[in-house]
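By convention here, the first residue in the shown sequence is residue 1. Just so it is clear, the values below take in all heavy atoms, side chains as well, and ignore hydrogens, waters and symmetry mates. Please read these numbers as outputs of a predicted model, since none were measured by experiment.
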Amino acid sequence: MTMNDDNDGQNLVIERTLDAPPELIWKMWTEPEHFAAWYGPGGATIPVVKMDVRVGGIRLLCMEMTTSDGTMQMWFTGEYLEVIKNQRLVYTDSMSDENGNVKSPEQMGMPEGHPTTTEVRVELEHVSGGTRMVLTHLGVPAGSPGAAGWAMALDKLAANLDEARRS
């Protein structure tokens, strides 16, 4: 796995080569039951995932984490900007309420300067023995908690691919 800084460290770029065909990785990103199984940092669950995977389609998901204060829910929404099956997926990502109304980072208790809307790009390329996946999250700095969360989530994605191939 490689993590690169892009745009003075304001964008996270993670590149991984996964031992699975692009079609299977595409399903992991675009089918709610598969996405819910791996998305989020360790310990998080995704009880709600709604995806209308087409340009202009909306996504809405809930991430739950158990903390010392009890269960915390975070909602995220976004719009699909580019959908090229098995090759490229681009969507916006914003914190929201459960109805998909975008909330500012300040409303969600995030530090000032955190962007309200970020953009996630997933690029898949068939390589011998699998798929090269490049994940770019515009607006999420490489050293941030969001970057650490993606690293954990992609570890779970790789483990889910192993399970999917065995079944």
#### Entry: Salt-bridge present (D52, R54; N to O < 4.0 Å)
yes

### Query
For L161 and H34, what are the C-alpha separation, side-chain angles and deciding distance, and is it a side-chain contact (heavy atoms from CB on, under 4.5 Å)?
CA-CA 10 Å; L161 287 170; H34 289 301; over 6 Å; no

Of the non-hydrogen atoms in [X] and [Y], which two are nearest, and what is the gap between them?
X    : Y    : answer
M63  : Y39  : CE-CE2, 3.6 Å
A142 : A147 : O-CB, 2.9 Å
R16  : D155 : NH2-OD1, 2.8 Å
M65  : G42  : CE-O, 4.0 Å

### Message
What I'd like to find out is whether the side chain of M95 reaches to under 4.5 Å of the side chain of W75, using heavy atoms alone.
### Response
no

#### Entry: Validation row: L60, S96 side chains within 4.5 angstrom (heavy atoms)
yes

Can a donor-acceptor pair be found, under 3.5 Å and without considering hydrogens, that links the side chain of [X] to the backbone of [Y]?
X    : Y    : value
D97  : N99  : yes
T131 : A20  : yes
N11  : G139 : yes
T45  : P47  : no

To the nearest 0.5 Å, what is the distance between [atom1] on [X] and [atom2] on [Y]?
X    : Y    : atom1 : atom2 : result
E98  : T77  : CD    : OG1   : 12.0 Å
L24  : N160 : CG    : CG    : 9.5 Å
E15  : E123 : CD    : CD    : 10.0 Å
E79  : E119 : CD    : CD    : 10.5 Å
R132 : I25  : CZ    : CD1   : 12.0 Å
Q10  : T118 : CD    : OG1   : 12.5 Å

### Query
Taking the six-membered ring for Trp, are Y91 and W29 parallel (under 30°), tilted (30 to 60°) or perpendicular (over 60°)?
tilted

### Message
Angle between ring planes, W38 versus F35, binned at 30° and 60°: parallel, tilted or perpendicular?
### Response
perpendicular

Count I, L, V, M, F, W, Y as connected when their side-chain heavy atoms are under 4.5 Å apart, and connections chain through other members. Are [X] and [Y] then in the same cluster?
X    : Y    : result
V122 : I58  : no
V90  : V49  : no
M51  : L81  : no
V83  : L124 : yes
M74  : W150 : yes

### Task
Start with the C-alpha distance between H137 and I14, add both sets of side-chain angles, then the distance that settles side-chain contact (heavy atoms from CB on, under 4.5 Å), and finish with yes or no.
CA-CA 9 Å; H137 197 154; I14 301 176; over 6 Å; no

### Message
L89 vs V53, test: side-chain contact (heavy atoms from CB on, under 4.5 Å). Steps then yes/no.
### Response
CA-CA 9 Å; L89 185 67; V53 185; 4.1 Å; yes

### Task
Please step through side-chain contact (heavy atoms from CB on, under 4.5 Å) for the pair T136 and V120, ending with a clear verdict.
CA-CA 6 Å; T136 306; V120 176; over 6 Å; no

### S94 and T117 side chains, donor-acceptor separation under 3.5 Å
yes

### Message
Testing I46, V48, T71 one by one against E64 for a side chain to side chain contact (heavy atoms under 4.5 Å, CB included), which residue passes?
### Response
T71

### Query
Is it the case that more than 12 heavy atoms not belonging to K27 sit under 6.0 Å from its NZ atom?
no

